[in-house]
Amino acid sequence: MNWLKRARKGIRTWRRKSIPEGLWKKCPSCGEIVYSENLQKNLSVCSNCGNHFRISPDRYLEILFDRGSFEESDPDLSSSDPLKFKDSKKYPGRIKNAQKKTSRKSAVLTGTAELDGNRVALAIMDFSFLGGSMGSVVGEKIARIARKAIEQRIPFLMVSASGGARMQESILSLMQMAKTSAAVNLLEKSKLPFISILTNPTTGGVAASFAFQGDIIIAEPRALIGFAGPRVIKETVGEELPEGFQR
Amino acid sequence: MAVGKKRKLEFESPVYDLEEKIEAGRQRGLEPDSAEMKKLAGRLEELEEKVYSGLSPWEEVQLARHPDRPTALQYIGEIFDEFLEFHGDRYFGDDPAVVGGLASLGGRRVMVVGHEKGRNTRDRLKRNFGMASPEGFRKSLRLMKLAEKFSLPIVSLVDTPGAYPGVGAEERGQSVAIASNLKNLFDISSPIIVVIIGEGGSGGALALAIGDTVLMMEHAVYSVISPEGCAAILYKNKDKAPEAASSLRLTSSDCLELKVIDEVIREKHGAAHRDQHGNAEQIKRVLVRKLSELEGIPGEALLKKRVDKFSRIGIFNG
């Protein structure tokens with residue numbers, strides 16, 4: 001019964017199809033597989049469900065502002081380890097990794113750029129830099145750019161993406177909520193517009209300070225927005241969360 | 001000092017043991033100014049000094065949360081001659097986790113606000129252990145605006161584990177409530193004196209802690225997150241809270257060193273829970289002094305200084 005026996009062992013296919021990495025992307029919201037090039041054309045919004053993909057500050061610059069008009073402020077401000085924070089990984093190490101990953105010195109990009117020919121001051125947070133957490137540098141950069149808006153009498157536009165305060169700078173991080181709120185207060189006294197864009201996620205110390213003080217607040221669809229995140233609520237008070245809560 | 005059914009922490013026992021000895025001596029009929037009793041009293045003082053200094057950060061957390069530690073209302077009762085409490089945020093309801101009202105301090109009229117943790121189990125439940133909801137923050141802001149209207153200085157007593165992280169609080173805008181306190185407190189042209197009396201927990205504390213002078217009780221703590229919360233996130237293990245407490249640099253001396261607070265108020269008899277009256281007097285003395293310092297400053301200058309004060313905080317490279 002030779003014809004029932006395999007002549008050669010193993011499973012063979014004739015030829016391996018090679019698909020370049022990143023040609024397709026899966027939408028984290030609806031699971032639809034979308035063609036990267038189309039996604040790019042659609043400004044990183046899922047064509048199926050309208051979900052906004054998480055994008056980098058550079059991509060926001062590209063989408064929102066006039067090409068070549070961006071002038072960065074304070075690019076070199078970076079975190080020190082003021083508390084010598086003891087952690088499973090050392091804080092300076094975490095910073096270094098994040099800097100390598102994002103090719104940025106801190107979790108926020110600030111500067112001025114033109115929006116349809118109008119110069120605005122801007123700050124865009126980077127969630128891939130330690131969860132966009134706010135420590136001394138993030139607070140200082142946001143406060144400085146708000147002051148620059150006041151000096152130049154231009155509007156301020158802020159894109160937030162943050163889990164909240166940076167634990168490794170403890171009380172100093174908490175105080176950045178006060179510092180940024182003071183800056184927003186001055187902006188308001190100067191009667192300058194402040195547009196706040198909330199992306200996924202905007203929670204904790206960032207939500208509870210400047211992000212919710214915009215004259216106009218725009219949220220990306222389905223972005224998680226709130227003070228305490230769903231896990232914190234479940235773990236600390238044990239309440240069940242309604243469907244679509246904080247989204 | 002009466003030794004009743006006091007709840008004590010482990011490291012406190014030597015003090016309480018000695019107090020029992022003194023009490024036994026008293027019952028044996030020894031006069032307070034007899035040589036033996038004087039010697040014991042002297043030793044008690046030394047022991048208090050020793051036991052309550054050089055504590056680990058985790059022990060400081062225990063003291064800040066001590067069940068017998070005086071709460072805001074207890075201090076208010078001791079410090080002020082009169083107190084007329086106001087309620088409600090005029091939007092949703094009254095939050096018992098935050099108290100406030102008009103008070104008088106040695107002839108001065110002031111507005112007092114503060115977190116109230118509650119004194120016994122029933123009271124603590126009612127006051128949600130001092131964890132404020134949006135109504136609480138809105139009430140405090142309402143009262144501070146009222147103080148400004150009548151040119152009254154404001155005293156804020158901070159003592160909270162943090163803002164309440166519940167569904168209802170989220171639905172009613174916990175973030176916005178804290179955010180608008182933070183922004184608007186830079187507009188209140190009355191002098192604001194903040195005293196962290198126990199736990200200064202995160203944004204919920206900060207919402208009542210923007211001021212011209214920020215004071216901290218010796219055994220209070222002030223931090224961006226609870227040691228338990230920090231341990232759960234960083235070490236995935238809540239039992240590592242003592243380590244997290246050290247990492248967070250949350251003691252009064254740490255906060256002074258990091259220039260987050262202006263002055264530490266020393267606690268009498270070792271710790272506030274051992275002498276409510278004496279420690280209220282300590283606070284009162286500092287309050288009177290600070291009020292006199294701030295009173296002469298015009299509103300505009302005060303606000304500018306307040307903004308500058310908080311704009312300076314932070315440590316970084318570049």
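To find a chain, count down the sequence lines: A is the first, B the second, and so on, and within it residues start at 1. These values consider heavy atoms only, across backbone and side chains, with no hydrogens, waters or symmetry-generated copies.
Within the 4.5 Å cutoff, the side chain of B:C230 has heavy atoms near those of the A:F85 side chain. Residues B:K183 and A:F212 fail the side-chain proximity criterion, which asks for heavy atoms closer than 4.5 Å. Here the side chains of B:V167 and A:P242 are in contact, with some heavy-atom distance below 4.5 Å. For the pair A:L174 and B:Y222, the minimum side-chain heavy-atom distance is below 4.5 Å. Counting only heavy atoms from C-beta outward, the side chains of B:F186 and A:L186 never approach each other to under 4.5 Å. Using a 4.5 Å heavy-atom threshold, the side chains of B:E171 and A:F245 count as touching. By the 4.5 Å heavy-atom criterion applied to side chains, B:R249 and A:L172 are not counted as neighbours.
Electrostatic pairing of A:K86 and B:E243 does not count as a salt bridge here, judged by no charged N lying under 4.0 Å from a carboxylate O.
Of the inter-residue distances, the one linking B:Y164 atom OH with A:I233 atom CD1 reads 9.5 Å to the nearest 0.5 angstrom. B:F316 contributes atom CZ, which lies 11.0 Å from atom NZ of A:K141 (distance to the nearest 0.5 angstrom). With values rounded to the nearest 0.5 angstrom, B:I225 atom CD1 is found 10.5 Å from A:S173 atom OG. Between A:K89 atom NZ and B:L234 atom CG the span is 10.5 Å, to the nearest 0.5 Å. Going from atom NZ of B:K309 over to atom CE of A:M175 covers 9.5 Å, rounded to the nearest 0.5 Å.
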* Given B:V224 and A:I171, is the side-chain contact (heavy atoms from CB on, under 4.5 Å) satisfied, shown in steps? -> CA-CA 5 Å; B:V224 73; A:I171 191 69; 6.0 Å; no
* Check against side-chain contact (heavy atoms from CB on, under 4.5 Å), A:L83 and B:L258 -> CA-CA 9 Å; A:L83 309 186; B:L258 294 166; 3.5 Å; yes
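Within the 4.5 angstrom heavy-atom criterion, atoms from both the backbone and the side chain of A:S78 approach chain B. Contact annotation for B:L250: neither backbone nor side-chain heavy atoms come within less than 4.5 Å of a heavy atom of chain A. When heavy atoms are compared at a cutoff of 4.5 Å, A:D87 approaches chain B by way of both its backbone and its side chain. Contacts between B:D187 and chain A at a heavy-atom distance below 4.5 Å involve backbone atoms as well as side-chain atoms. For A:Q168, the part lying under 4.5 angstrom from a heavy atom of chain B is the side chain only. At a 4.5 Å heavy-atom cutoff, the contact between A:A207 and chain B is made by backbone and side-chain atoms alike. When heavy atoms are compared at a cutoff of 4.5 Å, B:I233 approaches chain A solely by way of its side chain, counted from C-beta outward. For B:Y235, the part lying near chain A is the side chain, with the backbone staying farther off; criterion is any non-hydrogen pair under 4.5 Å. For chain A, the nearby parts of B:L248 are the backbone and the side chain; heavy atoms of each come within less than 4.5 Å.
Closest of all the heavy-atom pairs between B:S223 and A:S170 is OG-OG, 3.8 Å. Closest heavy-atom contact between B:E170 and A:A228: OE2-N, 2.7 Å. Taking each heavy atom of B:I210 and A:A178 in turn, the nearest pair found is CD1-CB, 3.5 Å. Between B:S175 and A:G226, the closest heavy-atom pair is OG-C, 3.4 Å. Closest approach of B:I315 and A:E169 over heavy atoms only: O-OE1, 4.3 Å.
More than 12 heavy atoms of other residues, nucleotides or ligands shown are found within 6.0 angstrom of NZ on A:K189. The number of heavy atoms from other shown groups lying within 6.0 Å of CZ (A:R247) is above 12.
Heavy-atom pairs under 4.5 Å with chain A were tallied for B:D254, B:N184, B:L206, B:L185; the largest tally goes to B:L206. Annotation: maximal heavy-atom pairing with chain A below 4.5 Å, among B:P165, B:G203, B:G314, occurs at B:P165. Heavy-atom pairs under 4.5 Å with chain B peak, among A:Q246, A:K84, A:E240, at A:Q246. When each of A:M177, A:K234, A:K179 is checked for heavy-atom pairs under 4.5 Å with chain B, A:K179 comes out on top. Contact tally against chain A (heavy-atom pairs below 4.5 Å) for B:C255, B:A209, B:S247, B:G318: the top residue is B:S247.
A side chain to side chain donor-acceptor pair (under 3.5 Å) with B:S311 holds for exactly one of A:E140, A:R147, A:R144; it is A:R147.
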